[in-house]
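Residues: numbered from 1 along the sequence shown. Note that ligands are numbered from 1 as they come in the structure, with each ligand's atoms numbered from 1 the same way.
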Amino acid sequence: MILVGQYDSPYVRRVAIALDLLGLPFERDTRSVFADAEAMRRINPLGRIPSLVLDDGEVLIDSAAILDHIDEMVGPSRALVPPSGAARRQALQVIALASGAVDKAGAVVYERALRPADKIHQPWLDRCAQQLASALQALDGMSPSGWFLGSRLMQPDIMLGVMLFYLRHRAPEMFPPGRYPALEGFSDRCEREPAFQKTRPAPDEVMPASA
Ligand SMILES: N[C@@H](CCC(=O)N[C@@H](CS)C(=O)NCC(=O)O)C(=O)O
């Protein structure tokens with residue numbers, strides 16, 4: 001399998017961490033979604049990352065769909081989302097909040113990086129920041145002192161962990177020290193895990209200042 005995308009993307013990192021936790025080997029294609037946009041569109045018509053190229057050449061796109069396939073491959077006892085019931089609903093709720101928060105943070109980061117300064121629309125940035133803060137507040141109140149679903153690191157933990165790392169590195173002012181204490185502890189705990197450490201973005205895995 002080949003995972004396409006750089007680790008500065010929380011969605012790519014999310015897939016890589018899941019593959020690592022499940023012991024599924026993969027190679028990486030670290031082409032940039034911005035510098036190699038045309039090549040990326042040949043892999044995924046949307047020109048987005050992550051994509052996962054399976055051994056038979058089939059290409060899966062979108063982290064949620066990729067992770068759904070990975071869970072199916074390993075079967076319900078090893079899957080990183082519980083198969084049913086309250087535990088599944090809780091997992092999907094946390095994933096939805098954390099991935100929605102990445103979308104809001106990403107919108108702010110893209111607006112700042114890609115738009116000419118005179119075209120930046122501050123009310124849009126303010127709205128995104130408010131939505132992000134509200135999601136972080138909710139997640140701070142929900143975060144456990146260990147992992148969400150017991151002793152095992154699973155998809156809600158991974159999604160929340162990669163989202164917090166992204167914030168810390170790309171929009172730290174939206175995650176100021178002391179405002180979300182449970183999330184700070186959660187992020188530190190995640191980044192101590194080997195699967196998280198192996199997927200830290202390399203220095204050249206950074207979105208360009210303009211595209
Ligand atoms: N819902 C998608 C979101 C993927 C996404 O937003 N990828 C970003 C990188 S973090 C991307 O490809 N951005 C380039 C673009 O959209 O032009 C997923 O979960 O995979």
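Remark: minimum distance from atom 13 (N) of ligand 1 to any protein heavy atom is reached at Tyr110 OH, 2.9 Å. Looking at atom 20 (O) of ligand 1, its nearest protein heavy atom turns out to be Ser63 N, 2.8 Å. Nearest to atom 17 (O) of ligand 1 among the protein's heavy atoms is Gly47 O, 4.4 Å. Ranking the protein heavy atoms by distance from atom 10 (S) of ligand 1 puts Ser9 OG, 3.1 Å first.
Closest heavy-atom approach to atom 16 (O) of ligand 1 among the candidates Arg48, Met40, Arg14: Arg48. The nearest non-hydrogen atom to atom 1 (N) of ligand 1, considering only Asp62, Ile49, Asp8, comes from Asp62.
Judged by distance alone, with hydrogens and angles left aside, the side-chain atoms of Arg41 form no donor-acceptor pair with the main-chain N or O of Leu46 at under 3.5 Å.
Heavy-atom contacts from other residues, nucleotides or ligands closer than 6.0 Å to CD of Gln197 number more than 12.
Between Glu193 and Arg200 no salt bridge is recorded (no basic side-chain N to carboxylate O distance below 4.0 Å).
The hydrophobic clustering, which links ILVMFWY residues whose side-chain heavy atoms are closer than 4.5 Å, places Phe165 and Ile49 apart.
Side-chain N/O atoms of Gln122 and Asp126 include a donor and acceptor closer than 3.5 Å.
Short contacts between ligand 1 and Pro50, defined as distances under 4.0 Å to a heavy atom of the residue, involve ligand atoms 20 (O).
At least one side-chain heavy atom of Tyr166 sits under 4.5 Å from a side-chain heavy atom of Val109.
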